[in-house]
Colleague: 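For reference, the structure I am asking about is given below.
Scope of the values below: all heavy atoms of this structure, side chains included, with no hydrogens, waters or symmetry mates.
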Amino acid sequence: MITNISIVSVFVKDVDESKRFYVDVLGFEEKDDITLDGGYRWCTVTHPNQPELQVSLAIPGPPFPDDLVTAMRRALDAGGLNGLGLSVDDCEQTYAELSAKGVEFLQPPSARPYGTEAVCRDNSGNWIVLVQEADRKVVAADFA
């Protein structure tokens, strides 16, 4: 039986730089960082409040076919890949703190039916959505 989600992957341009970004800027913690035979690197970070969910920071490559790897790298260069959705207690405060650390924001905190949302990029260009959830159930009519 499936009990939870344990690993999500975020494709990055440089594992070392991305690990520093996720740890030093976003407050994640390093979990694993090993290089296996053939040069494959397994690097994961976790958030201290959710250590059971590992975020794998991976450079596009095998076992994906070359044409897909090329497309993924192009998408990274264009800033066109999704990253993570992160819950925050205070979207305005988190926006201010991350902006002060040099994080590039595509959208400042904005009211949405589901809460307050800000959108930024990680250091590889992946979109990260910060959401301070509303204290109510969202229905389709909220988006009309």
Colleague: Rounded to the nearest 0.5 Å, how far apart are CG of D90 and OH of Y95?
Modeller: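 If we round to the nearest 0.5 Å, D90:CG and Y95:OH are 13.5 Å apart.
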Colleague: Before giving the answer on side-chain contact (heavy atoms from CB on, under 4.5 Å), spell out for V8 and L53 the whole-Å C-alpha distance, their side-chain angles and the decisive distance to 0.1 Å.
Modeller: CA-CA 8 Å; V8 296; L53 178 60; 4.2 Å; yes
Colleague: I need the L86 CG to C91 SG distance, nearest 0.5 Å.
Modeller: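 Answer for the CG-SG pair, L86 versus C91, is 10.5 Å.
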Colleague: Side-chain heavy atoms nearer than 4.5 Å, only ILVMFWY residues, links allowed to pass through others: does that put F21 and F105 together?
Modeller: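 In one cluster: yes.
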Colleague: Report yes if some heavy atom in the side chain of N126 is under 4.5 Å from a heavy atom in the side chain of L76; otherwise report no.
Modeller: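 Side-chain contact under 4.5 Å: yes.
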Colleague: So, for Y114 and V138, which heavy atoms are closest and what is the spacing to 0.1 Å?
Modeller: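 Result for this residue pair: CA-CG2, 3.5 Å.
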Colleague: Could you tell me if T44 and Q54 have a donor-acceptor pair between their side chains, going purely by distance under 3.5 Å?
Modeller: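 Yes, side-chain donor-acceptor contact under 3.5 Å.
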Colleague: State the CG-CZ distance between D32 and R41, to the nearest 0.5 angstrom.
Modeller: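 Between D32 CG and R41 CZ, I get 11.5 Å after rounding to 0.5 Å.
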Colleague: Does any N or O in the side chain of E29 come within less than 3.5 Å of the main-chain N or O of V23, such that one atom is a donor and the other an acceptor?
Modeller: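 No.
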Colleague: Evaluate the side-chain contact (heavy atoms from CB on, under 4.5 Å) criterion for residues Y22 and I128: first the C-alpha distance (whole Å), next the side-chain angles of each, then the deciding distance (0.1 Å), finally the verdict.
Modeller: CA-CA 11 Å; Y22 280 83; I128 296 177; 3.9 Å; yes
Colleague: Between D142 (side chain) and V139 (backbone), is there a donor-acceptor pair under 3.5 Å?
Modeller: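 Answer holds: yes.
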Colleague: Under the side chain to side chain donor-acceptor pair (under 3.5 Å) rule, collect the residues that match up with D14, sequence neighbours excluded.
Modeller: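 Testing D14 for side chain to side chain donor-acceptor pair (under 3.5 Å), a comparison that skips the adjacent residues, returns none.
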Colleague: Which heavy-atom pair separates E117 from Q107 by the least distance, and what is that distance?
Modeller: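 Closest heavy-atom pair between E117 and Q107: O-NE2, 3.0 Å.
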Colleague: Linking I/L/V/M/F/W/Y whenever any side-chain heavy atoms sit under 4.5 Å apart, do V25 and V12 land together?
Modeller: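 Yes, V25 connects to V12 through the hydrophobic network.
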Colleague: Flag yes if V103 and L84 sit in one hydrophobic cluster, no otherwise; membership is Ile, Leu, Val, Met, Phe, Trp, Tyr, and two members link when side-chain heavy atoms are under 4.5 Å apart.
Modeller: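 Cluster IDs for V103 and L84 match.
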Colleague: Quick check for you: to the nearest 0.5 Å, what is the distance between D89 atom CG and E133 atom CD?
Modeller: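 Reported to 0.5 Å precision, the distance equals 11.0 Å.
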Colleague: Just wondering, more than 12 heavy atoms not from N4 lying within 6.0 Å of its CG?
Modeller: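 Yes, the 6.0 Å shell around CG holds more than 12 heavy atoms from other groups.
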Colleague: Answer yes or no: is there a side-chain heavy-atom contact under 4.5 Å between T46 and Q50?
Modeller: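 No; the side chains remain at least 4.5 Å from each other.
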Colleague: Indicate yes or no for a side-chain donor-acceptor contact from S110 to the backbone of P108 under 3.5 Å, with no hydrogens or angles considered.
Modeller: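 Such a contact is found between S110 side chain and P108 backbone.
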Colleague: Less than 6.0 Å separating the ring centroids of F11 and F64?
Modeller: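 Centroid separation for F11 and F64: below 6.0 Å.
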Colleague: Is the backbone of V45 close enough, under 3.5 Å, to the side chain of K31 for a donor and an acceptor to pair up by distance?
Modeller: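 No, K31 side chain to V45 backbone: no donor-acceptor pair under 3.5 Å.
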Colleague: Under 4.5 Å between any side-chain heavy atoms of C43 and D33, yes or no?
Modeller: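 Answer yes - side chains close enough.
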Colleague: So V15 and I59, do their side chains get closer than 4.5 Å, heavy atoms only?
Modeller: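 Of all side-chain heavy-atom pairs linking V15 with I59, at least one is under 4.5 Å.
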Colleague: I need the N82 CG to W127 CH2 distance, nearest 0.5 Å.
Modeller: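 Going from the CG atom of N82 to the CH2 atom of W127 covers 8.0 Å.
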Colleague: With the threshold set at 4.0 Å, does a side-chain nitrogen-carboxylate oxygen contact exist between D122 and K13?
Modeller: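 Salt bridge absent between D122 and K13.
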Colleague: Look at the side-chain heavy atoms of Ile, Leu, Val, Met, Phe, Trp and Tyr, link any pair under 4.5 Å apart, and say whether L26 and V119 land in one connected group.
Modeller: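 Different clusters: L26 never reaches V119 through Ile, Leu, Val, Met, Phe, Trp or Tyr contacts under 4.5 Å.
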Colleague: Taking all non-hydrogen atoms of both residues, which atom of S18 and which atom of S124 are closest, and how far apart?
Modeller: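 S18 and S124 have their closest heavy atoms at OG-OG, 3.4 Å.
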Colleague: Heavy-atom count check: over 12 atoms from other residues, nucleotides or ligands less than 6.0 Å from I7 CD1?
Modeller: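 Yes, because the 6.0 Å sphere around CD1 of I7 holds more than 12 heavy atoms from other groups.
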Colleague: Mind listing the closest non-hydrogen atom pair of P109 and A118 along with its distance?
Modeller: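 Of all heavy-atom pairs spanning P109 and A118, the closest is N-CB, 3.8 Å.
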Colleague: Mind checking the CZ-CG spacing from R74 to L81? Nearest 0.5 Å is all I need.
Modeller: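 Rounded to the nearest 0.5 Å, the CZ-CG separation comes to 11.5 Å.
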Colleague: Kindly work out whether a path of hydrophobic side-chain contacts (I/L/V/M/F/W/Y, heavy atoms less than 4.5 Å apart) joins V10 to L68.
Modeller: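 In one cluster: no.
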